[in-house]
Amino acid sequence: MKKTKEKFKNKYHSIDRFKKGWAIFIKNPMGKTALIILSVFMLMAIASFFVPFLGPVYNPMTGVDPNITYSTGPSFQHWLGTDFIGRDLFVQLLEGAKVAFIVGLSCAFISVVLGTAIGMISGYMGGVVDTLLMRMADMFMVLPSLVILLILSSLWELSIWVIIFIIAIMRWPSVSRIIRSQTLSLKSRPFIEASRVAGASDFRIIFKHIMPNVLPLAFLYMTFRVTSAILVEAALSFLGFGDPGQVSWGMMLQWVWSSGHMFQAPYWLLPPGICISLLTLSFYMLGRSMDEVLDPRLRKEEEEE
């Protein structure tokens, strides 16, 4: 009965803390703007699943208008125009939104989960374990992820999921260092000492007591990892080393460049570039707004101003 009451109390406390954090977040104009932009791109990504059912012409990769054999400007049938072989650019833009979310969120989730786990273990265990894990983090941190991807892509044809995995593996060290420093601060707190005295195992202390306290910080850094992952994938695709079987915004830019329409078709060049900028900016603004929720000092500075 006592355990049930404690669980209910902890659940109520978590909900109450979330409500307070949301109230602070939603007051921030930057946070509201980020949510609006993200909502638009989310709708675009969802729409990409249904548009191909309108007809084979609207398939982003293989759909070609039989009446068009060159790049055309916006029209009633093709809202953003077509590329050099008659594929609909608006459909490709929607598909690019879906790919951007998949790449960004998948990379960020994998790198943050890996970095958080390693950072907690390293900070809590200390000693040889801490030294080995942090030296491994140092080695990964100095490796240029884009250059490595370019080398691997030139040797093998990498699928979008392999690209996601490689980006994620290269991005966890910075997260692990932040989580490690937070863990070092937490493990000396009285409630951790009380858990040790009560006979709690190291595994239980790390994942039951430390992890809930570092998850908000991990989620904050996840928003910044999304931005970097989207930019890396877009750069890789633009250079012609992305997944050739997958339409993305970077691939759209690569096609407009390789087909010689860079300066002749602004209706083809500008939309993917603007979308990349807006989506990465929205995730950055989301992270900055969340930083204000997690750091009371930032709120005090704004109130003083």
Side-chain angles (χ1 to χ4, degrees), residues 30 33-48 51 58-61 63 68 70-75 78-108 144-147 149-150 153 158 160 163-164 167 171 223-288:
M30 189 182 295
T33 304
L35 287 180
I36 292 171
I37 297 173
L38 285 174
S39 298
V40 173
F41 283 111
M42 184 63 72
L43 290 174
M44 290 172 62
I46 294 171
S48 68
V51 170
Y58 296 102
N59 185 293
M61 179 60 75
I68 300 175
Y70 54 91
S71 181
T72 60
S75 64
H78 303 287
W79 293 356
L80 288 179
T82 62
D83 65 8
F84 64 106
I85 58 174
R87 292 178 297 189
D88 190 281
L89 293 176
F90 183 68
V91 174
Q92 291 183 357
L93 200 72
L94 297 180
E95 183 71 9
K98 180 181 73 176
V99 172
F101 273 107
I102 291 173
V103 170
L105 295 177
S106 298
C107 287
S145 56
L146 183 57
V147 174
L149 275 168
L150 287 172
S153 298
L158 303 181
I160 190 69
I163 292 171
I164 287 172
I167 296 174
R171 297 285 168 162
T223 60
F224 298 125
R225 296 279 80 77
V226 172
T227 298
S228 62
I230 292 173
L231 290 174
V232 169
E233 190 281 329
L236 190 69
S237 296
F238 174 69
L239 294 173
F241 293 96
D243 185 350
Q246 182 65 62
V247 177
S248 67
W249 291 333
M251 193 62 71
M252 290 178 68
L253 292 174
Q254 202 279 330
W255 286 333
V256 71
W257 171 264
S258 60
S259 64
H261 290 78
M262 198 73 168
F263 302 104
Q264 287 76 31
Y267 53 84
W268 185 0
L269 171 67
L270 295 179
I274 292 172
C275 285
I276 293 171
S277 300
L278 286 178
L279 186 58
T280 53
L281 177 64
S282 63
F283 274 110
Y284 174 77
M285 291 193 298
L286 184 67
R288 288 294 303 273

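Predicted model only: the values in this text are computed from it and were never measured.
The minimum heavy-atom distance linking Leu279 with Ala100 is given by the pair CD2-CB, 3.6 Å. Closest non-hydrogen pair, Cys275 versus Met44, comes out as SG-CE, 4.5 Å. Pro272 and Trp249 get closest at one heavy-atom pair: CB-O, 3.8 Å. The two residues Ile164 and Ser106 have their closest heavy-atom pair at CG2-CB, 3.7 Å. Residues Leu150 and Phe241 come closest through the heavy atom pair CD2-CD1, 3.4 Å. Between Met61 and Gly245 the shortest heavy-atom distance is CE-C, 3.5 Å.
Heavy atoms of other residues, nucleotides or ligands lying less than 6.0 angstrom from CZ of Phe84 number more than 12.
In this structure, CG in Leu38 is found 6.5 Å from CG in Leu35, a value given to the nearest 0.5 Å. In this structure, Tyr267 OH and Thr82 OG1 are separated by 6.5 Å, a value rounded to the nearest 0.5 Å. Separating the OG atom in Ser153 from the CG atom in Asp243 is a distance of 9.5 Å, to the nearest 0.5 Å. For the atom pair Leu43 CG and Ser48 OG, the distance stands at 11.0 Å (nearest 0.5 Å). Interatomic distance, Leu146 CG to Leu239 CG, rounded to the nearest 0.5 Å: 6.5 Å. Note that CG of Leu231 and CD1 of Ile276 are 7.5 Å apart. Values are rounded to the nearest 0.5 Å.
Using a 4.5 Å cut-off on side-chain heavy atoms (C-beta onward), Ile37 and Leu281 make no contact. No side-chain heavy atom of Arg288 sits less than 4.5 Å from a side-chain heavy atom of Met285. In this structure, Val91 and Arg87 have side chains that are not in contact, with every pair of non-hydrogen atoms separated by 4.5 Å or more. Looking at heavy atoms from C-beta onward, Val226 lies out of side-chain contact with Cys107 at the 4.5 angstrom threshold. Inter-residue side-chain proximity for Phe283 and Phe224 is flagged as unmet; no heavy-atom pair is nearer than 4.5 Å. Within the 4.5 Å cutoff, the side chain of Glu233 has heavy atoms near those of the Ser248 side chain. Ser237 is not listed as a side-chain neighbour of Gln254, based on a closest heavy-atom distance of 4.5 Å or more. With a 4.5 Å cut-off on side-chain heavy atoms, Pro271 and Leu89 do not count as touching.
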### Task
Dump the intermediate steps for side-chain contact (heavy atoms from CB on, under 4.5 Å) on Leu253 and Leu269, then the final yes or no.
CA-CA 6 Å; Leu253 292 174; Leu269 171 67; 3.9 Å; yes
### Query
Step by step, would you call Val51 with Asn59 a side-chain contact (heavy atoms from CB on, under 4.5 Å)?
CA-CA 8 Å; Val51 170; Asn59 185 293; over 6 Å; no
### Task
Show your working on side-chain contact (heavy atoms from CB on, under 4.5 Å) between Ser259 and Asp83 and close with a plain yes or no.
CA-CA 9 Å; Ser259 64; Asp83 65 8; over 6 Å; no
### Query
Step by step, would you call Val99 with Val247 a side-chain contact (heavy atoms from CB on, under 4.5 Å)?
CA-CA 8 Å; Val99 172; Val247 177; 6.0 Å; no
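Ring orientation note: the planes of Phe90 and Trp79 are tilted relative to one another, at an angle of 30° to 60°.
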